[in-house]
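Working notes for the structure below.
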Amino acid sequence: MNGALKVGAYALVLAVVFGGALGAGRMAGPTGDAEAQSSQGPGAERGEGSEHGVHQHATAAKAPAVPAGLQVSQDGYMLMPETDEVKVGERTDFRFTVIGPDGSPVTGFTTQHDKKLHLIVVRRDLTGFQHLHPTLLGGGVWSVPLKLPAAGEYRAFADFAPEGAAPLTLGMDLSVAGDYRPEPLAVPAETATVGDYTVTLKGDLIPGRTSMLTLSVAKDGEPVTDLEPYLAAYGHLVALRDGDLAYLHVHPDGEPGDGRTTPGPNITFYAEVPSAGTYGLYLDFKHGGTVRTAAFTAATSPDPEGGGASSGDGHGHSHQP
Ligand SMILES: [Cu+2]
């Protein structure tokens with residue numbers, strides 16, 4: 001088995017490091033000069049000009065952008081871990097900062113989906129998904145208890161909006177030493193089971209378009225009609241591309257209390273996938289006071305109108321009906 005050989009090689013990794021981010025951050029130093037000089041974004045403006053920042057972010061968002069989450073540094077912002085090591089199976093106080101264009105930690109964040117920062121952690125084989133909400137300590141340090149039950153290569157995504165700037169998702173690698181046994185990607189399926197709950201996924205992922213996805217939640221075979229609000233919605237969906245873990249833009253259709261959105265069994269989302277391929281979809285929903293995650297594998301469908309991936313603008317919010 002080739003897989004077994006590869007696993008053996010990974011198991012030889014002894015050091016636990018967080019990609020190159022830590023080293024790069026240290027080299028940049030507290031002044032962040034390197035970051036400011038290399039930045040073509042608001043960093044070049046030397047702080048203050050948050051309005052310039054907004055403008056430039058908005059402009060960048062209209063370009064056929066690189067999907068989110070693939071970079072540790074973008075638009076002058078950088079993710080910097082403060083924790084050196086996460087040991088397999090041990091609860092760790094995981095800390096990190098977001099370094100801003102002026103080289104100092106960002107302390108002001110705009111609330112999105114009820115939280116100032118969302119931290120998604122997933123192993124590179126698309127297993128072990130966690131959606132966490134770290135606490136902002138003084139000095140722009142984020143802290144969260146993190147337990148990774150299995151060894152392997154993980155990706156951590158910080159999804160946030162600095163005050164006065166556009167939302168951003170930065171990603172960093174997290175390596176957990178040990179015997180890494182990557183799991184084969186699950187076969188695409190319409191249903192996912194989590195505890196007593198079955199979630200059914202309807203809708204086609206069309207590359208380059210806004211795709212409507214409907215997820216229906218049932219418990220013990222009965223549709224759930226009393227979902228509880230979670231993150232200002234009846235569900236939260238994260239989509240990751242298999243192959244590089246690009247973090248895709250997904251947003252819910254409607255919100256609790258808007259007079260038209262029901263608390264289940266259906267939850268509707270709009271997802272934008274940039275390319276053909278296979279994606280991991282993770283639905284967080286809350287029922288009976290507990291948040292659960294249903295994980296899906298979904299493959300893209302051909303565009304029924306024959307258009308290519310270039311037909312989408314990547315970040316348009318004009319929904320296809
Ligand atoms: Cu969140």
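Whatever order the structure lists ligands and atoms in, that order sets their numbers, starting from 1.
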In terms of relative ring orientation, are Phe94 and Phe96 parallel, tilted or perpendicular, with 30° and 60° separating the classes? tilted
Going by distance alone, is a donor N or O of one side chain under 3.5 Å from an acceptor N or O of the other, for Thr127 and Glu183? no
By atom name, which N, O or S atom of His118 is the nearest to the Cu ion (ligand 1)? ND1
Check His131 and report its N/O/S atom nearest to the Cu ion (ligand 1), by atom name. NE2
Could you walk me through whether His133 and His118 pass the side chain to side chain donor-acceptor pair (under 3.5 Å) check? CA-CA 5 Å; His133 297 114; His118 304 261; 3.0 Å; yes
Tell me whether the rings of Tyr270 and His251 are parallel (<30°), tilted (30 to 60°) or perpendicular (>60°). tilted
The Cu ion (ligand 1) reached by His113 (N, O or S, under 2.8 Å): no
At less than 2.8 Å, would any N/O/S atom of His133, backbone or side chain, sit next to the Cu ion (ligand 1)? yes
